Amino acid sequence: MTTQRFLTGITTSGTPHLGNYVGSIRPAVRASLTPGVQSFYFLADYHALIKIDQPDRIQRSTLEIAASWLAAGLDPERVVFYRQSDVPEIPELTWFLTCVLGKGVLNRAHAYKAAVDKNTANGTDPDADVSAGLFMYPVLMGADILMFNAHKVPVGRDQVQHIEMARDMAHSFNHRYGEHFVAPEAVIEDNVATLPGLDGRKMSKSYDNTIPMFASSAQLKKLIGSIVTDSKAPGEPKQTEGSALFQMYQAFASESETQALRQAYADGISWADAKQTVFERIDQELAPMRETYSTLMNNPAKIEVILLAGAAKARALATPFINQLRHAVGLRKLDAMSTVTSTVSKATKPSFKQYRETDGKFYFKLLNGQHQLLLQSHGFDSPKDAGQMIKHMSAASQDALVHLSTFLQLAPDIGIADVWQNLQLFNSD
């Protein structure tokens, strides 16, 4: 069974809060323990430069986020945990991908379009205050993913477009230079827990309504005490629906604990007692981590050692791979010219294999350059009919392939676009 690679990036642009913990850190740490999975977690400090021009803030955020994930149980021995800027192969790959991705694709990126739309609505130049970094952000993200040929990338729905762009980059590069990249897939996190903030809206730095993940016990109690509630007095039944306090408790409590608080709401628990219950439950989970976090924050040199060790593991994969890609695009030593290029080119081309089954029917399959199955045909009455279908497929446009798909069975995780890209490579000289 092939090991699946999962990759998660964490932008170093702020202090982790409880919403980050229940929505990202806690589930990601649990997922890192999944058998048969190789997990990559990186601190996306290059990405942070797009939003933040305060060097001390980026440095501080990098320290806080690394300490938070480690305190929450991420095992750097089990996963590849690294700082993006410690892997110089990533910006080099970004340039390679820049050269194969159409500008029109980036014009449609959500973040760039939102900035342009905002400027247009304000009557200013469409590109006012839009940096090239913001425009190129999806390419850097594509390099993060493709550098390690990640199979799966857990993201929210707002990030799916970036994964689709990474797939486009992989296909475009593979089409030009042979099969080097796996087309990544988005893992949609529809069931990610979200926490309300102090004012009842979603907990977010942009709303300034967050509770720091590792606030002191006293500060945590004070902040929970400031959560907005209604004016119902002690003894009056209270609604759990729409209660920010109850939702916060539910994100930390077991099912039986949640039911107990639900009953207490119905029985008219005072808001002061409810807030004390919520504080005690959250503090119970975070207190052991808080001690580890404090120790790490007071020893940044230890975190630096962990990140550099993670970067060494990452570069053990990235360095030979970028050398392979440099050779593929023609960045080669001049004294190493040979006929190897044509041999590699032929070896990486897709191929059709025809055969006859015991049912008397004639079949064919399409394999990529690594001899992985892309599709399997249905049965034909004669080898000539099978050959004609291969001929039609080879000459078909991507849209026409859709109409021919009734005669074909695509391999798992393979789409028409994947088949079409390989057919272009099959037809190239």
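Computed from a predicted model, the values in this text were never measured in an experiment.
- Residues satisfying the salt bridge (Lys or Arg N to Asp or Glu O under 4.0 Å) test with Asp381, not counting sequence neighbours, are Lys361.
- When every heavy atom of Ile303 is checked against every heavy atom of Ala67, the shortest pair comes out as CD1-CB, 3.8 Å.
- Going from atom CD1 of Ile58 over to atom OG of Ser85 covers 9.5 Å, rounded to the nearest 0.5 Å.
- For the 3.5 Å distance criterion, the side chains of Gln409 and Ser377 fail to qualify, holding no donor opposite an acceptor.
- The distance from atom NE2 of His47 to atom CG of Leu140, rounded to the nearest 0.5 Å, is 4.0 Å.
- For the residue pair Ser243 and Tyr265, a side-chain donor N or O sits within less than 3.5 Å of a side-chain acceptor on the partner.
- Judged purely by distance below 3.5 Å, without hydrogens or angles, the side chains of Asn149 and His180 never pair a donor atom with an acceptor atom.
- Atom CD of Glu304 sits in a crowded spot, with more than 12 heavy atoms from other residues, nucleotides or ligands closer than 6.0 Å.
- The backbone N or O of Asn119 lies less than 3.5 Å from no partner atom in the side chain of Asn122, so there is not a single donor-acceptor pair.
- Surrounding CD of Gln59 are at most 12 heavy atoms belonging to other residues, nucleotides or ligands under 6.0 Å away.
- More than 12 non-hydrogen atoms from other residues, nucleotides or ligands lie less than 6.0 angstrom from CD of Glu257.
- Salt bridge Asp86/Arg315: absent, no basic N to carboxylate O contact under 4.0 Å.
- Rounding to the nearest 0.5 Å gives a distance of 8.0 Å between CZ of Phe426 and OG of Ser351.
- Residues that satisfy the side-chain hydrogen bond (donor to acceptor under 3.5 Å, both in side chains) test with Glu285, not counting sequence neighbours, are Tyr21, Arg26.
- A salt bridge does not link Glu179 to Lys349: none of the charged nitrogens lies less than 4.0 Å from a carboxylate oxygen.
- When all heavy atoms are compared, the tightest approach of Leu195 to Gly19 is CD1-N, 3.9 Å.
- Atom CG of residue Leu93 and atom CZ of residue Arg326 lie 12.0 Å apart, to the nearest 0.5 angstrom.
- Side-chain contact check for Asp117 and Thr120: no donor-acceptor pair (N or O, by modelled atom type) lies under 3.5 Å.
- A side chain to side chain contact (heavy atoms under 4.5 Å, CB included) with Glu64 is found for one member of Thr15, Leu296, Thr12 and no other, namely Thr15.
- For the 3.5 Å distance criterion, the side chains of Gln259 and Glu255 qualify, holding a donor opposite an acceptor.
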Identify each donor-acceptor pair in which a side-chain atom of residues 75-82 lies under 3.5 Å from a protein atom, sequence neighbours left out, and give them as a table.
{"from": "Asp75", "atom 1": "OD1", "to": "Glu77", "atom 2": "N", "distance (Å)": "2.9"}
{"from": "Arg78", "atom 1": "NE", "to": "Ser32", "atom 2": "O", "distance (Å)": "3.0"}
{"from": "Arg78", "atom 1": "NH2", "to": "Leu33", "atom 2": "O", "distance (Å)": "3.0"}

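- The closest side-chain donor-acceptor pair between Asn174 and Gln421, if any, does not fall under 3.5 angstrom.
- In this pair, Phe380 and Phe364 present their aromatic rings parallel. The plane angle is below 30°, not in the 30 to 60° band.
- Using a 3.5 Å distance cut-off with no hydrogens or angles, the side chains of Asn368 and Asn422 do not pair a donor with an acceptor.
- Less than 6.0 angstrom separates the ring centroid of Phe321 from the ring centroid of Phe181.
- Looking at Thr11 and Ser13, their side chains never bring a donor and an acceptor atom within 3.5 Å of each other.
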List the atom pairs, with distances to 0.1 Å, where a side-chain N or O of residues 132-139 and a protein N or O form a donor-acceptor pair under 3.5 Å, not counting sequence neighbours.
none

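- Remark: Arg201 is positioned above the aromatic ring of Tyr207, its terminal NZ or CZ atom under 6.0 angstrom from the ring centre and at most 45 degrees off the axis.
- Note that CZ of Arg57 is 9.5 Å distant from NZ of Lys51, once rounded to the nearest 0.5 Å.
- Closest approach of Tyr177 to Ala328, counting heavy atoms only: CD2-O, 3.4 Å.
- Here Tyr363 pairs with Asp359 under the side-chain hydrogen bond (donor to acceptor under 3.5 Å, both in side chains) rule; sequence neighbours left out.
- Donor-acceptor pairing under 3.5 Å is lacking for the side chains of His327 and Gln324.
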Hey, can you pull the donor-acceptor pairs under 3.5 Å for the side chains in residues 107-114, sequence neighbours left out?
{"from": "Asn107", "atom 1": "OD1", "to": "Lys103", "atom 2": "NZ", "distance (Å)": "3.2"}
{"from": "Arg108", "atom 1": "NH1", "to": "Gly104", "atom 2": "O", "distance (Å)": "3.1"}
{"from": "Tyr112", "atom 1": "OH", "to": "Asp127", "atom 2": "OD1", "distance (Å)": "2.7"}

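- Around atom CG of Asp208, no more than 12 heavy atoms belonging to other residues, nucleotides or ligands sit under 6.0 Å away.
- How far CE of Met203 is from CD of Gln247: 10.5 Å, rounded to the nearest 0.5 Å.
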